[in-house]
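Structure first, then comments.
Each chain gets a letter, A, B and so on, in the order the sequences are listed, and its residues count up from 1.
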Amino acid sequence: MLSKKDTQFAIDQMGELFPEAECELVHKNPFELLIAVVLSAQCTDALVNKVTPRLFEKYKAPEDYVRVELEELEQDIRSIGLFRNKAKNIKKLSFSLIEDFAGVVPETREELESLAGVGRKTANVVTSVAFGVPAIAVDTHVERVSKRLGICRWKDNVRQVEETLQKKIKREDWSDAHHRLIFFGRYHCKAQSPKCPSCPLVSMCREGKKRLKDQLPHG
DNA sequence: AACTCGGGGCA
DNA sequence: TGCCCAGAGTT
């Protein structure tokens with residue numbers, strides 16, 4: 001596995017490659033952030049940002065989502081993938097917020113994870129972005145990059161990936177590191193054809209060296 | 001552990 | 001135009 005020092009170096013390099021890497025969700029309150037992150041499951045933030053302005057104009061509070069007809073909510077988010085699941089989850093989640101949390105978005109990961117449509121990744125994003133609790137949300141980009149580079153082990157589950165990253169990265173750097181890993185994974189260390197030949201990290205990357213040697217797909 | 005949900009992006 | 005992407009929930 002990559003040492004703490006090498007991990008830090010790798011993440012610095014990602015920052016140089018993508019200086020623009022930062023949070024793409026710009027929502028003022030925790031409730032809107034929560035809805036936005038739930039919507040963003042399995043699709044890009046850019047796509048979510050297309051529907052949220054209209055959505056948040058129409059729905060201000062959990063009560064608004066509880067009251068609306070499911071079909072109407074589905075229509076309001078239909079340009080996003082998995083809109084039927086998401087509409088259902090948002091209605092359930094809003095109901096739970098009112099019933100269990102007095103209409104206020106809870107601040108702990110455990111409480112957030114009890115809400116429909118909120119898994120570990122979404123919960124981590126909400127606690128870190130809305131409540132300033134440092135966390136590294138492990139999405140598929142973060143997981144893939146961490147495994148390819150050898151920051152964590154191949155067989156690690158999401159939770160182990162998260163723990164390893166938090167151990168190897170200084171707490172005050174978690175937020176930056178998170179976004180750098182995501183940008184690097186999305187645009188450079190892509191799932192299908194990672195850009196190994198032009199990657200500043202191949203020399204320390206087990207997977208990169210292997211892909212080049214074995215002529216595995218790479219761009 | 002595998003499958004499902006579904007539109008968007010890219011080859 | 002068809003393959004691949006991205007999380008959470010269900011079985």
Side-chain angles (χ1 to χ4, degrees), chain A residues 18 21 23-25 27 32-55 65 70-97 100 105-106 108-130 135-148 152-163 165 178-198 207 211 215-219:
Chain A
F18 297 99
C23 186
E24 297 168 290
L25 297 164
H27 300 99
E32 290 187 355
L33 178 79
L34 175 60
I35 298 293
V37 182
V38 167
L39 286 176
S40 74
Q42 292 294 99
C43 75
T44 62
D45 289 348
L47 190 59
V48 173
N49 288 337
K50 284 184 184 168
V51 307
T52 45
R54 261 198 66 240
L55 198 68
Y65 292 107
L70 181 60
E71 290 72 22
E72 188 177 340
L73 183 54
E74 286 179 355
Q75 292 310 308
D76 288 336
I77 61 171
R78 95 187 322 306
S79 60
I80 290 185
L82 315 185
F83 63 91
R84 273 182 264 265
N85 287 347
K86 289 172 184 175
K88 216 175 295 169
N89 282 338
I90 287 172
K91 277 184 79 69
K92 271 207 226 169
L93 163 168
S94 299
F95 187 76
S96 305
L97 277 184
D100 306 333
V105 179
T108 68
R109 208 197 64 229
E110 289 75 11
E111 288 171 315
L112 285 161
E113 277 186 289
S114 77
L115 300 169
V118 181
R120 196 183 183 89
K121 187 245 173 184
T122 300
N124 271 337
V125 171
V126 173
T127 54
S128 59
V129 178
I136 297 177
V138 178
D139 65 0
T140 59
H141 297 303
V142 174
E143 181 172 354
R144 184 180 63 251
V145 169
S146 300
K147 289 184 176 181
R148 279 182 179 165
C152 67
R153 280 179 273 262
W154 270 110
K155 59 178 175 62
D156 282 353
N157 60 33
V158 175
R159 201 190 164 133
Q160 292 171 314
V161 176
E162 185 184 317
E163 282 171 8
L165 285 170
H178 167 74
H179 295 113
R180 288 174 183 184
L181 284 162
I182 287 178
F183 273 69
F184 182 69
R186 192 189 296 160
Y187 301 114
H188 195 92
C189 193
K190 297 191 281 192
Q192 285 308 99
S193 50
K195 302 180 177 180
C196 303
S198 66
E207 178 70 9
R211 292 184 98 92
Q215 306 268 311
L216 289 168
H218 54 73

Distance check needed: [N] [atom2] versus [X] [atom1], whole Å only.
X: A/Q192; N: B/dG8; atom1: CD; atom2: P; value: 21 Å
X: A/L39; N: B/dG7; atom1: CG; atom2: P; value: 15 Å
X: A/F83; N: B/dT4; atom1: CZ; atom2: C1'; value: 15 Å
X: A/I80; N: C/dG7; atom1: CD1; atom2: C1'; value: 14 Å
X: A/R109; N: C/dG7; atom1: CZ; atom2: C1'; value: 16 Å
X: A/N157; N: B/dA1; atom1: CG; atom2: C1'; value: 13 Å
X: A/R78; N: B/dG7; atom1: CZ; atom2: C1'; value: 10 Å
X: A/K190; N: C/dC5; atom1: NZ; atom2: P; value: 11 Å

Practice problem: Please say whether more than 12 non-hydrogen atoms of neighbouring residues, nucleotides or ligands are located less than 6.0 Å from CZ in A/F95. | Solution: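 For A/F95, atom CZ is not crowded (no more than 12 foreign heavy atoms under 6.0 Å).
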Select base, sugar-phosphate, or nothing to describe what [X] touches, counting heavy atoms under 4.0 Å on all strands.
X: A/V118; answer: sugar-phosphate
X: A/G81; answer: base
X: A/N89; answer: nothing
X: A/L47; answer: sugar-phosphate
X: A/I77; answer: nothing
X: A/S79; answer: sugar-phosphate
X: A/T122; answer: sugar-phosphate

Are any of [X]'s side-chain N or O atoms less than 4.0 Å away from OP1 or OP2 of [N]?
X: A/R186; N: C/dC5; answer: no
X: A/T140; N: C/dG7; answer: yes
X: A/R120; N: C/dG7; answer: no
X: A/Q42; N: C/dC5; answer: no

Quiz prompt | Nearest-angstrom distance, P atom, B/dG8 to C/dG9 | solution =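 The answer is 23 Å between these two P atoms.
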Quiz item: Can you tell me how far P in C/dC4 sits from the matching atom in B/dC3, rounded to whole Å?
Solution: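 To the nearest whole Å, 15 Å.
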Exercise. With the side chain of A/N85 defined as its heavy atoms from C-beta on, choose the nearest nucleotide among C/dA6, B/dC5, B/dG7.
Key: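 That would be B/dC5.
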Quiz item: Can you tell which of C/dA8, C/dC4, B/dG6 lies closest to the side chain of A/K121?
Solution: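 Of the candidates, C/dA8 comes closest.
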Quiz item: With distance as the sole test, does A/R109 use its side chain to make a donor-acceptor pair with the main-chain N or O of A/T127 at under 3.5 Å?
Solution: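 No: the side chain of A/R109 does not pair with the backbone of A/T127.
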Self-check item: Polar side-chain atom of A/Q160 near backbone of A/N157 as donor-acceptor pair, under 3.5 Å
Solution: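 Pair found, side chain donor or acceptor close to backbone of A/N157.
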Quiz item: Do A/E163 and A/R159 sit within salt-bridge range, that is, some charged N less than 4.0 Å from a carboxylate O?
Solution: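 Salt bridge present between A/E163 and A/R159.
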Self-check item: 5′-ward residue of the pair A/A41/A/T44 relative to DNA chain B
Solution: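 Going by which nucleotide is closer to the 5' end, it is A/A41.
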Exercise. Could you tell me which non-hydrogen atom of A/C189 sits nearest to which non-hydrogen atom of A/V145, and how far apart they are?
Key: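 Minimum heavy-atom contact is CB-CG2, 3.9 Å.
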Quiz prompt | From A/L39 atom CG to A/K86 atom NZ, the distance as rounded to the nearest 0.5 Å | solution =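 A/L39 atom CG to A/K86 atom NZ measures 6.5 Å (nearest 0.5 Å).
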Quiz item: Closest nucleotide of DNA chain C for A/C43 versus for A/G117: which of these residues is on the 5' side?
Solution: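 Closer to the 5' end of DNA chain C: A/C43.
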